[in-house]
Number of protein chains: 2
Amino acid sequence: MERKTVQRQEIIEVLKNNYNHPTIKELCELVSDKNIGQATVYRTVNSLVNDDVIRRIDCPDGVHYDYRKEHYHFYCLKCNKITDVFLDNSLIDNLLSTSNLTDIKHVNLVFEGICDNCKKLNKDTC
Amino acid sequence: MERKTVQRQEIIEVLKNNYNHPTIKELCELVSDKNIGQATVYRTVNSLVNDDVIRRIDCPDGVHYDYRKEHYHFYCLKCNKITDVFLDNSLIDNLLSTSNLTDIKHVNLVFEGICDNCKKLNKDTC
DNA sequence: CACCTTATTGATAATCATTATCAATTAAAT
DNA sequence: ATTTAATTGATAATGATTATCAATAAGGTG
């Protein structure tokens, strides 16, 4: 049975208030004033993913986490930033119905490309 | 400019003939009789991903690679195996058109759940 | 409230994956 | 055949994640 520790509460709070899909490293920085050991951050985040409280996003530059779940992602191949992509769920259901998959727990959908900001920067410098 | 080395040719060949989405470790085993250093496997695979010859699949259990591209994936949360999911591309195009994304280079779509085999095993043992 | 049991924490060591280094090799151009 | 520079392989270095374990604290019980 899980215990309501100050560290766990703190980490959940920080994740809930953050919309930037932080990595573990960023998460450690976000709680750095709270004196939480990094082993605890790892353990807590893993347990939260297991309990479906947060979502794990596997990206080319490493693992990111997201407290919010009802959406998808765009990943910039240049700057590695993640932005949210909101899609009509009926379209995803539609997709699933054409496959012969059942009992899908998560749909991990990441669009990869170059974000507008990086495109602009590239135009300026070339 | 890229050189046609025996190691690179060998690694491409192995990837082309493998349908199991190997990890780097598995790839090293697959070429173990060819005396190719693991640093070379890493370098070659990275270069192939960069050149769009193979696709990188980021999963909870690590990185997998796939020579084939025109499909999507199912990832089993129990046994970590990946299986191919073939979907009509018009459905994906449809999805994209409802977002305001342009110039998407890859669509990384992974359905997560428990595979049939693991479901059966679980039923047997509980 | 005091006590007990046990999960959790934090510091650290250990492990695993990936990248960097660099001398020796080899592809490919001349 | 010679030259040049990219590639290789062995190994060291780095970075990310997990394991270990004594100390702490959550939450149940009388």
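Each chain gets a letter, A, B and so on, in the order the sequences are listed, and its residues count up from 1.
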Got a sec: does the [atom1] of [X] have more than 12 other heavy atoms crowding it under 6.0 Å?
{"X": "A/Lys4", "atom1": "NZ", "result": "no"}
{"X": "A/Asn35", "atom1": "CG", "result": "no"}
{"X": "B/Lys105", "atom1": "NZ", "result": "no"}

Measure from the side chain of [X], starting at C-beta and using heavy atoms only, and say which of [options] lies closest.
{"X": "B/Val63", "options": "C/dT9, D/dT7, C/dT18", "value": "C/dT18"}
{"X": "B/Thr5", "options": "C/dA27, C/dT12, D/dT17", "value": "C/dA27"}
{"X": "A/Ile36", "options": "C/dT26, C/dG10, C/dT8", "value": "C/dG10"}
{"X": "A/Tyr42", "options": "D/dT17, C/dT5, C/dA28", "value": "D/dT17"}
{"X": "A/Ala39", "options": "C/dT8, C/dT9, D/dA19", "value": "D/dA19"}
{"X": "B/Arg3", "options": "C/dT26, D/dA10, C/dT18", "value": "C/dT26"}

Here's a test of your reading of the structure: between B/Gly62 and A/Lys34, which maps to the more 5' nucleotide of DNA chain C?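 Nearest nucleotide further toward 5': that of A/Lys34.
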
Tell me: [atom1] of [X] to [atom2] of [N], nearest whole Å?
{"X": "A/Gln7", "N": "C/dA7", "atom1": "CD", "atom2": "P", "result": "17 Å"}
{"X": "A/Asp51", "N": "C/dA7", "atom1": "CG", "atom2": "P", "result": "15 Å"}
{"X": "B/Lys25", "N": "C/dT15", "atom1": "NZ", "atom2": "P", "result": "15 Å"}
{"X": "B/Gln9", "N": "D/dT8", "atom1": "CD", "atom2": "P", "result": "11 Å"}
{"X": "A/Arg8", "N": "D/dA25", "atom1": "CZ", "atom2": "P", "result": "18 Å"}
{"X": "A/Glu2", "N": "D/dA25", "atom1": "CD", "atom2": "C1'", "result": "16 Å"}
{"X": "B/Lys4", "N": "D/dA5", "atom1": "NZ", "atom2": "C1'", "result": "19 Å"}
{"X": "B/Asp58", "N": "D/dA16", "atom1": "CG", "atom2": "P", "result": "15 Å"}

Should the pair A/Arg68-A/Asp84 be classified as a salt bridge under the 4.0 Å nitrogen-to-oxygen rule?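 Not counted as a salt bridge, because no side-chain N and carboxylate O are separated by less than 4.0 Å.
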
What nucleic acid atoms does A/Gln38 come within less than 4.0 Å of, heavy atoms only: base, sugar-phosphate, or nothing?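 Answer is base: heavy atoms of A/Gln38 come under 4.0 Å of a base.
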
Aromatic rings A/His71 and A/Phe86: how do their planes relate, parallel, tilted or perpendicular, breaks at 30° and 60°?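 Because their plane-to-plane angle lies in the 30° to 60° range, the rings of A/His71 and A/Phe86 count as tilted.
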
For B/Asn46 and C/dT18, is the shortest distance between a side-chain N/O and OP1 or OP2 below 4.0 Å?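 B/Asn46 to C/dT18 OP1/OP2: no side-chain N or O under 4.0 Å.
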
Suppose we call a contact any N or O donor and acceptor under 3.5 Å apart; does that hold for the side chain of A/Arg43 and the base of C/dT8?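 Such a pair does not exist between side chain and base.
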
